[in-house]
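Here the structure comes first, spelled out in structure tokens, and everything after it is commentary.
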Amino acid sequence: MYAQRMSIDTSASAEIPPISEAPPRRVQSLLTGCLTPKADIPPQLGMAASLLVWVLVLAAWAGSTYGGLLPAIFMPTPGAVASRAVTMASDGSLFVHIWSSAEVVLLGFILSSLVAIPLGIAMGAFKLVQSSLESLVNFIRYLPVTAFMPLFILWIGIGIEQRVALIVFGTFFSQLVMIATVIRSVPQDLLNASYTLGSSKRQVLWNVMLPSALPGILDTLRVTIGWAWTYVVAAELIAASSGLGYMSMKAARGFQVDVIFLAIGAIGLLGLVTDLFFRLLSARFASWAQ
Amino acid sequence: MSETLARPVSVLNGPPRLRAVNVSLHYPGHRKSDVGVTALDRVSLDVPDQEFVVIVGPSGCGKSSLLYLAAGLQMPTDGEIYVGGNPVRGSGADRGMVFQSYTLFPWLTVRQNIEFGLKLRKLGEPERREIVEHFLDEVGLRKFENHLPKQLSGGMKQRVALARALANDPQILLMDEPFGALDSQTRSSMQKLLLRVWEHTKKTVLFVTHDIDEAILLGDRIYVMTAHPGRIQEEITVPIPRPRDLSMVMEPEFLTLKRRILGLLHRERDEDEG
């Protein structure tokens, strides 16, 4: 019996490759991790990399402006933008412009969403609504929003209504299509399960389709409000007497590049804030999907 | 071609809970030249009260379609299905269903999932609580009542789906390969659990599977189905006494039955290829 076991042992050891003497070094495995598609990296490394890119961009900016590489008339120094921010914040004019733009974005976005959400749900849920609207909506969706500005000025004038109309026009059709897609992608199996539990068609819509689609709808809103921020500038460039777009347009006439930078930075920050708002909303009301 | 027309089961205790009479399901082709697909061809079967009836057959034989018709999620091209004597005209809470895919509502906890049908029936909170807790215990998931479906394993999800269907106290429970997506160990333990739960509830069940062992282990009566078009080939009464357990799969009675069903399914495949 001993001999038998021995023979088994030797044959087994012959087949199994020898374990490598030294385990692979940690640095190597980290590098491998970074080069493997979709592989996780340590969170500290990710944060550090993100910080590094910010520092590099700011350093390049500071270096090229303070070093005199770029003329101050085209590229302001970070310090100039910062001090401009302080003066415009202290006299309140910065906030007037911010509010003016935010008002347009919020009004346009809310008006658009109020119609796009129910109509998009109807479009996703009912084939007849989809057939009726889809081709028209997709046609309008690809028309350049800015091309409609002259028309809107002609129709509506140059008040806030015109800017709001532009935001609505820019976001509504995309919202509609995206929300309809979200609704359509609710698994049929969930609807079937709900029917076999006694749901009526109405209850399937309210108790299954809507909660199931909520994360996707919130995501759609998050993405489209970002677009609204880009359209508001275009609207203010042509017809406005306040707002961040107007502020930078006016600054361009006086070669105040620091003001233009400030306006751009403010829009970026506001976009970030609205994005964060919708992320928090998702975390609060649709945490199951995360 | 053997004609499989209405073949009523001799029933001692009243009419069957579910009866399918010459049910056909035909999907039309998309073009003129395309004749379409006959998923079910004049299928008749009975599910007697408090019996566990299994339909076994190869994939594509239309066995799942038959369940969808019984659930009222689809309408047959021809024929009629009766549940409790009434023709099926749509879906309803009287026919509970457990699906092969995971169909728990992902935004609801285990408890809320089981409660879903009870809320539709507008039962009061104390009554709901009592029923939910009974079935949580029945499937052994009391500790997980506040978990979300994404926190559960596949087997646990199907246990919740079973509890959710049973909580509604349906006239008949339709099960569409509910353990088909599970690994074999989980599948065995789910079969054990289902046998135990069924002994408790004596709920009338129509269960669809392609697994012959599963069919014999669970069923009182087995309908063997053939494909293209989907027809009932044979009706078999399982003589193995209850309560049953997994050790029975090696017994001669079990193996004889298994060989017989395998023969039926193979004969069909040979004809298909010939």
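Note that the structure is predicted; figures quoted are calculated from it, not measured.
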Among B/A161, B/S91, B/G90, which residue has the highest count of heavy-atom pairs closer than 4.5 Å to chain A?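 Heavy-atom pairs under 4.5 Å are most numerous for B/S91.
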Most heavy-atom pairs under 4.5 angstrom with chain A, which of B/A167, B/G92, B/G72?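 Option with the greatest count: B/G92.
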Does any part of the side chain of A/T196, heavy atoms only, come nearer than 4.5 Å to the side chain of B/R95, both counted from C-beta?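 A side-chain contact is absent here, since even the closest heavy-atom pair is not under 4.5 Å.
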Are the side chains of B/F116 and A/V208 in contact, using a 4.5 Å heavy-atom criterion?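 A side-chain contact under 4.5 Å exists here.
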What closest approach, in Å, do [X] and [Y] show between heavy atoms, and which atom pair accounts for it?
X: A/L190; Y: B/F105; value: O-CE2, 3.6 Å
X: A/L197; Y: B/A93; value: O-CB, 3.8 Å
X: B/W107; Y: A/N207; value: CZ2-O, 3.3 Å
X: B/K150; Y: A/S287; value: NZ-O, 3.5 Å

Of all of A/P187, A/A286, A/A289, A/S194, which one pairs up most often with chain B through heavy atoms under 4.5 Å apart?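 Top option by heavy-atom pairs under 4.5 Å: A/S194.
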With a 4.5 angstrom heavy-atom cut-off, which part of B/R164 approaches chain A: side chain, backbone, both or neither?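 Both the backbone and the side chain of B/R164 come within 4.5 Å of chain A.
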Is it the backbone or the side chain of B/L108 that comes under 4.5 Å from a heavy atom of chain A, or both, or neither?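 Neither part, no heavy atoms under 4.5 Å.
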Applying side-chain contact (heavy atoms from CB on, under 4.5 Å), name anything that partners A/V137, two or more places apart in sequence or on another chain.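 Here the qualifying residues are A/L133, A/F173, A/L176, A/V177.
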Can you establish whether the number of heavy atoms outside A/K201 located under 6.0 Å from its atom NZ is more than 12?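 No, not enclosed.
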B/H200, NE2: over 12 other non-hydrogen atoms inside 6.0 angstrom: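 Check passes, neighbour count above 12.
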Just verifying a value: how many Å separate A/L191 CG and B/L73 CG, rounded to the nearest 0.5 Å?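 It is 10.0 Å, given to the nearest 0.5 Å.
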Can you list every pair that meets salt bridge (Lys or Arg N to Asp or Glu O under 4.0 Å) and has a residue in residues 74-89 of chain B, with sequence neighbours left out?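 For residues 74-89 of chain B, and leaving out neighbouring residues, the salt bridge (Lys or Arg N to Asp or Glu O under 4.0 Å) pairs sorted by first residue read B/E80-B/R89.
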Are A/D189 and B/S101 linked by a side-chain donor-acceptor pair shorter than 3.5 Å?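 The criterion, which ignores hydrogens and geometry beyond distance, is satisfied for B/S101 and A/D189.
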